[in-house]
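Beneath this line is the structure, given in structure tokens, with notes to follow.
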Amino acid sequence: MRPLLRIGKITRQLWPLYAAVSVFSILVAAANQVQPLLTKSIIDQLTKLTHHAPVNMTVVVWCVVGIFLADVAATLLSNAGGYIGDQLQARLRKSLGEQYFAHLLKLPQKYYDQEQTGKIISQLNRSIDQIVNFAQAFSNNFLQFIFSTILSLAIVFWYSWQVGLMLLALYPVFIWLTTRTSGKWREYQSEINENIDIANGRFTEAIGQIKVVKSFGRQSRELGFFKKHYARAVQTTQPQSKLWHTQDVFRRLVLNIIFLGVYAYLFIAAAHGTYSLGVTVLLMQYAAAIRLPIFSISFIIDMSQRAVANTRDYFAVLDQEPEQEPSGRLAVSKGHVAFKNVTFSYDNTPVLKDLSFELPAGQIAALVGESGQGKTTITSLLLGLYAPDNGQILVDNQDITDVSYGSLRAASSVVFQEPALFSGTVRENIAYGRPGASLAEVEKAARAANAHEFISNFEKGYDAPIGERGLKLSGGQKQRIAIARALLKDAPILILDEATSSLDTKSERQVQQALERLMKGRTTLIIAHRLSTIQAADQIITLKDGRVDEIGSPAKLAESGGIYDQLLKLQAHQDKKRLKSYDLS
């Protein structure tokens, strides 16, 4: 139950609601105790008739009125408590979701490299649903069961300590029998959760890339993968359910035997005159009142075990170590970038080895190398998405490991090879890096990115929705909006993963013009995919085996006999296959 206690700890701001629900549960439980007590008084009056004694009708009438008022009070109190319980559940869902998302945003990039997006989403939805369902059952039922049982047992002990002891013995026996199977049950549940998360993760991936799925005709394969893991979850449910219900039969039989003892004792004692008819009926009513909660404990424990199993998944994410962000602030005056003896490994696989180069302020440097030589890794290190194993990365002589990620990334604009846009409007996407930008500023950036013309043709202009990941836009339009976003941010350092190779000639020309405007006056690091872009750079940095192979101007390296010289010759011979190995077209 420790994970559930942690839920209470991290949602401590909801304790007033927890307390209010508890108070109303106590009041409802108290109201429900009135009927058996007043029923006893009525029966005691009516039994006088058997002795030809007068019945006090005033007592009978007031007892009936009391039963009615207790029922009305229980109705009003239970609904008031239910209303507060509903507010508690909604705020609990909000609080758990916010904390989960806030923590995810603080996790290092390596966490996302190892996890499926769909699996993360599935864990969030499943965990919160189970926790909230448990909280609902707990607040609406379990608390009333607890307080009703305590009050019922207290009254039973007052009239018969023997019956009270027998009823009290039900709880430790039932709980002990239940805990015997809890560990194995949770193991099954963890296996079920794992398969469901994998299936849902693949579902999210397939729907997110539905064009790829359809173009390769892999609908049946994706559906088969989904079915396979859900089938495994169903198969695991069978032994889990068998374990639970087999044990539940045994638990209930034990309880049936105990209740047999209670009723046998009660009727025999009443037959011998130990209890009056009123007390006997009262004890029977309270035994029945206790019987309902005890048999409902199976349901509550089942829900609590599901909540515990799913809460562990929730906290497995929250227990991931977040990025340790330094407190320093990066002050960029020029935008000079330097990598000094940088070494970086990914999953114990060396990627960069003693890498050193400098990028003077305001100049354009093109990274060139075969696939897998660390070009993207260099840009990720410059953004602080990963930390180097050794060496330093300096911006204006400030080590980026000593400054906050916020200030580091505020100094950089990024245009990715695949434009990363969000569902929303054109304006919201362009202003993503500067949410407070005016429409005039957004429009100015769009004009500079050669995007204003096509945006103006939309029915709603800058307020036009672009669909999830910009699905309503062409490749060139998405690129130009991404460039406009970088222009509006106006950061001194630009990281560009060129993507013009997949565009038609007109779009390529428009994007290239926009990029030239974007790079002007900025320190720019390009992962180039076109030789013309490399030739326009101030310097070229060629990579080989995770190290810098050559650094120099295009003119200098064109005669060095190195990688760039070879690329020019490959272009002359139109060796597209070899050029493609360098991510060039």
Side-chain angles (χ1 to χ4, degrees), residues 3-15 17-18 86-136 190 193-194 196-209 306-326 380 383-386 404-410 414 416 420-425 428-429 431-436 465-470 485 489:
L4 293 179
L5 295 177
R6 282 187 69 182
I7 292 294
K9 185 176 181 181
I10 67 171
T11 57
R12 62 175 64 90
Q13 73 275 13
L14 300 178
W15 275 109
L17 291 176
Y18 289 130
D86 291 342
Q87 304 308 304
L88 171 61
Q89 292 149 34
R91 295 189 186 186
L92 180 61
R93 184 181 294 276
K94 174 177 178 291
S95 178
L96 294 175
E98 286 176 350
Q99 293 190 58
Y100 190 90
F101 188 34
H103 189 74
L104 280 174
L105 293 174
K106 296 177 184 177
L107 294 181
Q109 185 62 37
K110 285 186 177 181
Y111 173 80
Y112 296 98
D113 295 340
Q114 297 165 354
E115 291 288 343
Q116 284 181 294
T117 302
K119 186 175 180 180
I120 294 171
I121 296 170
S122 177
Q123 285 180 334
L124 169 66
N125 292 333
R126 175 172 46 74
S127 299
I128 292 182
D129 283 345
Q130 288 292 340
I131 292 167
V132 171
N133 288 341
F134 172 76
Q136 181 179 21
S190 295
N193 291 344
E194 178 68 18
I196 290 176
D197 288 342
I198 292 173
N200 290 345
R202 190 54 174 252
F203 171 86
T204 303
E205 282 186 311
I207 296 301
Q209 302 183 77
R306 291 182 190 276
V308 167
N310 288 291
T311 303
R312 286 176 175 170
D313 291 337
Y314 179 89
F315 281 114
V317 175
L318 262 61
D319 289 338
Q320 292 285 331
E321 191 68 27
E323 289 180 316
Q324 299 300 316
E325 186 164 0
S380 296
L383 287 168
L385 298 177
Y386 304 103
S404 68
Y405 298 123
S407 65
L408 172 63
R409 292 161 191 165
V414 187
F416 297 100
L421 303 180
F422 296 88
S423 59
T425 65
E428 288 169 346
N429 274 275
Y432 190 74
R434 278 182 59 195
I466 65 170
E468 186 179 0
R469 293 179 288 114
R485 179 172 62 190
K489 186 177 180 183

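Inter-residue side-chain proximity for Tyr111 and Ile120 is flagged as met; some heavy-atom pair is nearer than 4.5 Å. Looking at heavy atoms from C-beta onward, Leu421 lies in side-chain contact with Arg485 at the 4.5 angstrom threshold. Ile121 places none of its side-chain heavy atoms less than 4.5 Å from the side chain of Phe203.
Annotation for Gly384 and Tyr405: closest pair O-CE2, 3.6 Å, computed over non-hydrogen atoms. Contact detail for Tyr112 and Leu107: the closest heavy-atom pair is CE1-O, 3.8 Å. For Leu104 against Val317, the heavy-atom pair with the smallest separation is CD2-CG1, 3.8 Å. Of all heavy-atom pairs spanning Glu323 and Gln109, the tightest one is OE2-N, 4.4 Å.
No side-chain donor-acceptor contact under 3.5 Å links Arg93 to the backbone of Asp129. Without hydrogens or angle criteria, Tyr314 side chain to Leu96 main chain gives a donor-acceptor distance under 3.5 Å. Of the possible donor and acceptor atoms, one in the side chain of Glu325 sits under 3.5 Å from a partner among the backbone N and O of Gly406.
Identified under the side-chain hydrogen bond (donor to acceptor under 3.5 Å, both in side chains) test for residues 96-107, with sequence neighbours left out: Lys94-Glu98, Ser95-Gln99.
Applying the salt bridge (charged side-chain N to carboxylate O under 4.0 Å, His left out) rule to Asp113 yields no partners; only residues at least two apart in sequence or on another chain are considered.
For the atom pair CD of Gln114 and NZ of Lys110, the computed distance is 8.0 Å after rounding to the nearest 0.5 Å. With rounding to the nearest 0.5 angstrom, the CG atom of Leu385 is 5.0 Å from the CZ atom of Arg409.
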